Number of protein chains: 2
Amino acid sequence: MSRALSAPEKVSGDTRAKVSEAVEATGYTINQAARSLRMREARTILVAIPNMGNPFYSTIMDAVVGEAAERGYGVLVANRLGNDPTQWLRDYFSSNRADGLLLFDASLELGHLPEPPRQRGALPLVLSCDEIIDGGFNLVTTDNRAAAERATRHLIELGHTRIGQIGGRQVHQFPNERTLGFQDAMRKAGLTTRPDWYFPGDHTMACGIRAADSYLALEDRPTALFCANDESMIGFLSRSRAHGIECPRDISLIGFDDISIAENYWPPLTTMRQPRHELGRVATATLLDILDGTTRPNQGLHVILPSQLIIRGSTAACSSHRKAVGQ
Amino acid sequence: MSRALSAPEKVSGDTRAKVSEAVEATGYTINQAARSLRMREARTILVAIPNMGNPFYSTIMDAVVGEAAERGYGVLVANRLGNDPTQWLRDYFSSNRADGLLLFDASLELGHLPEPPRQRGALPLVLSCDEIIDGGFNLVTTDNRAAAERATRHLIELGHTRIGQIGGRQVHQFPNERTLGFQDAMRKAGLTTRPDWYFPGDHTMACGIRAADSYLALEDRPTALFCANDESMIGFLSRSRAHGIECPRDISLIGFDDISIAENYWPPLTTMRQPRHELGRVATATLLDILDGTTRPNQGLHVILPSQLIIRGSTAACSSHRKAVGQ
DNA sequence: TTGAAAGCGCTAACAA
DNA sequence: TTGTTAGCGCTTTCAA
């Protein structure tokens, strides 16, 4: 019976017919619990996402579920309960509920992972996030650093020289990839980054609002801002507009992600589009390849997906530059 | 051993100590597959969501996962593959991968459900959506109809009499709850709804854009619009502004949901806030109560959560009314 | 090509 | 209070 279902070619047409007839008649469906027990695999992956309320991650999630379903895997969702990942990860993982782990949250202390996933490289764990991770893990990310440099260059090409930044989350005190890319571009252009033009952030609209308040209090203001993501940019836009600042007349802003409202905001957001769907799909495919034995990496493999500059209405030529060029 | 873990009170302190010592020493964790097989329950629920990319649903999802985890349940995510729900529902459900189903998508043909969930009422199925469902199913929804009436009344109280509508998805050709509420308010105020002021929609920004195009082509325009949700409202706002329409000077707009950008859009959105987190939490709790046997409904139970009117900047007194009142 | 049987790790029932 | 055992539904091995 099992044979007829899983390896039909090893069974006579006669028996096969009889089996499928019986399946029809009784409405048989396989019992996954029994199968998992016997096969020692759950055909399920666990996805840990920092903040599912964030539309950025929900799109990724959509792709993850789609790709997994296509390959016969279920998707379990975990959100963080408490601060000790060991607790809930163990709860799913070492209890045979999931075969692999898809981690979209670099802020997890990876050192704290329970035994199985801790052994790096050859392990059913794929990380997908914006941060630098010390080697050995399988990584699927976008080209954050290069993309941030490209974004900043866009501002520079527009004639801006007084450029500030709304920062993103920093893990372990290191500047993140996007900040690094920003600094690359500034350095290459011979521009200086000013500490009073750096507004710390955490990818929320709230931090954009705080950034706007700091900006408004400045004597000497930048003419452009590189924002860690679209939401912090929207927070900034919203608060600064309420105080009479008009974008892009008074300040040029570039964001990151290209979230769905980006093109219907006012002004429409100039931003670096992140291939979110692709990110989720590829991360899942990578994990599943490892589980299926297709890929057996002996060290961490790193897939990098390209971002794309989307120019809309929130950036414009710097007014002093405009004058200089005679516009 | 099993006893010491699941019913510690029925075991002597001595044995209990020995067992927990052994657990420590060997790093034992329970095998869920074996447990599921034996207990005939997966301690997992399946969540079907129409569009996870939509921030409205991702917040709900967050609440679902939190509540389920708290009660020791895992959450499997399904997205729709193809149009036959039987196929993938069966795949999870009757195969013992999930004990119950949380459905956030009324557009599923419920008649097509596989056997177990089809028997209504006493079944491990909880529906949570905006639509009217013919009785018998367990339902957790917001007070859509009353909320839509309240929203429309807000417009009317502002002096608007020429009110149009951007519609939402309609299932089975029936007007949905929000449309019904809108009509209630109009009727009670003795106002007429005009077919050329009804713009069909599907809760996307794209449909808001189409609505704006239709609106712009109108000879005789409404002074206010009741929008099925915030995203369609944002689409309308974006397109109409590009054509010189200013909100709320030229038109008042009220939305539905209070998505996170709502207060940082320009103008800030007046909207009916939906208790999304609560919706997810209560729907999950209801399903889990059924699974645990706490609730054993013999017919469908219906939990209704209240919405809340959030007045911001997208609605204003009707200009003709303003004149009349001498403002 | 097919049938029979062992055993995955757990819980519950029964004996001791 | 504790030890023993059957059996959940599946896959796989071994025999026929």
Side-chain angles (χ1 to χ4, degrees), chain A residues 1-46 71-74 76 89-100 114-116 124 291-293, chain B residues 1-46 71-74 76 89-100 114-116 124 291-293:
Chain A
M1 155 84 167
S2 176
R3 217 155 9 207
L5 262 39
S6 52
E9 71 282 2
K10 301 204 159 190
V11 142
S12 76
D14 205 32
T15 340
R16 216 183 312 162
K18 248 188 279 181
V19 169
S20 37
E21 190 187 343
V23 167
E24 283 295 302
T26 56
Y28 169 86
T29 30
I30 201 166
N31 182 321
Q32 276 294 345
R35 188 174 209 274
S36 294
L37 176 58
R38 180 64 231 237
M39 307 280 284
R40 336 191 111 254
E41 61 171 25
R43 291 198 80 77
T44 297
I45 59 174
L46 180 65
R71 294 175 60 166
Y73 276 80
L76 267 170
L89 270 185
R90 217 195 180 83
D91 200 41
Y92 288 99
F93 208 27
S94 49
S95 74
N96 271 34
R97 283 172 85 120
D99 305 320
E115 271 323 306
L291 291 177
D292 291 351
Chain B
M1 155 84 169
S2 176
R3 218 161 358 213
L5 263 39
S6 53
E9 71 284 359
K10 301 206 159 191
V11 141
S12 74
D14 206 35
T15 342
R16 216 181 316 159
K18 247 187 280 181
V19 169
S20 34
E21 190 187 344
V23 167
E24 282 296 301
T26 56
Y28 170 85
T29 29
I30 200 168
N31 183 320
Q32 277 293 345
R35 188 174 208 274
S36 294
L37 176 57
R38 181 63 230 240
M39 307 278 285
R40 336 191 111 254
E41 61 171 25
R43 290 198 81 76
T44 297
I45 59 173
L46 180 64
R71 294 176 60 166
Y73 276 80
L76 268 170
L89 269 185
R90 216 194 180 85
D91 200 41
Y92 287 99
F93 209 178
S94 50
S95 76
N96 269 35
R97 283 172 83 120
D99 306 319
E115 271 322 307
L291 291 177
D292 291 349

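Side-chain atoms are counted along with the backbone in the values below, which use heavy atoms only and exclude waters and symmetry mates. The structure displayed is predicted, hence computed values, not measured ones. So you know, we letter chains A, B, ... as the sequences are listed, proteins then strands, and number each from 1.
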K.L.:
Quick one: on DNA chain D, does R35(A) or E9(B) contact a more 5' nucleotide (nearest heavy atom)?
P.N.:
E9(B)
K.L.:
dG9(D) P sits how many Å from E41(A) CD, rounded?
P.N.:
20 Å
K.L.:
Atom CG in D99(A), atom OH in Y73(A): separation rounded to 0.5 Å?
P.N.:
5.5 Å
K.L.:
Let me know, please, whether L37(B) or D14(B) comes out on the 5' side of the other along DNA chain D by nearest nucleotide.
P.N.:
D14(B)
K.L.:
Using whole Å, what does the distance between atom P of nucleotide dC10(C) and atom CZ of R38(B) come to?
P.N.:
13 Å
K.L.:
Students often get this wrong, so: under 4.0 angstrom with heavy atoms, is T15(A) touching a base, only sugar-phosphate, or nothing?
P.N.:
sugar-phosphate
K.L.:
For the pair made of CG in N96(A) and C1' in dC8(C), what is the distance, rounded to whole Å?
P.N.:
10 Å
K.L.:
Quick one: is dC10(D) close enough that its OP1 or OP2 comes under 4.0 Å of any side-chain N or O from S2(A)?
P.N.:
no
K.L.:
Do the side-chain N or O atoms of S6(A) get closer than 4.0 angstrom to the phosphate oxygens (OP1, OP2) of dT11(D)?
P.N.:
no
K.L.:
Please examine the side chains of V11(A) and V19(A), heavy atoms only from C-beta on, and report whether any two atoms are closer than 4.5 Å.
P.N.:
no
K.L.:
Report the distance from atom CG of L5(B) to atom P of dT11(C), rounded to the nearest whole Å.
P.N.:
8 Å
K.L.:
dC10(C) P sits how many Å from R40(A) CZ, rounded?
P.N.:
10 Å
K.L.:
Let's see if you can work this out: which of dT2(C), dC10(D), dA12(C) has an atom nearest to the side-chain heavy atoms of S12(A)?
P.N.:
dT2(C)
K.L.:
Judged by each residue's nearest nucleotide on DNA chain C, which is more toward the 5′ side, R3(B) or A33(B)?
P.N.:
A33(B)
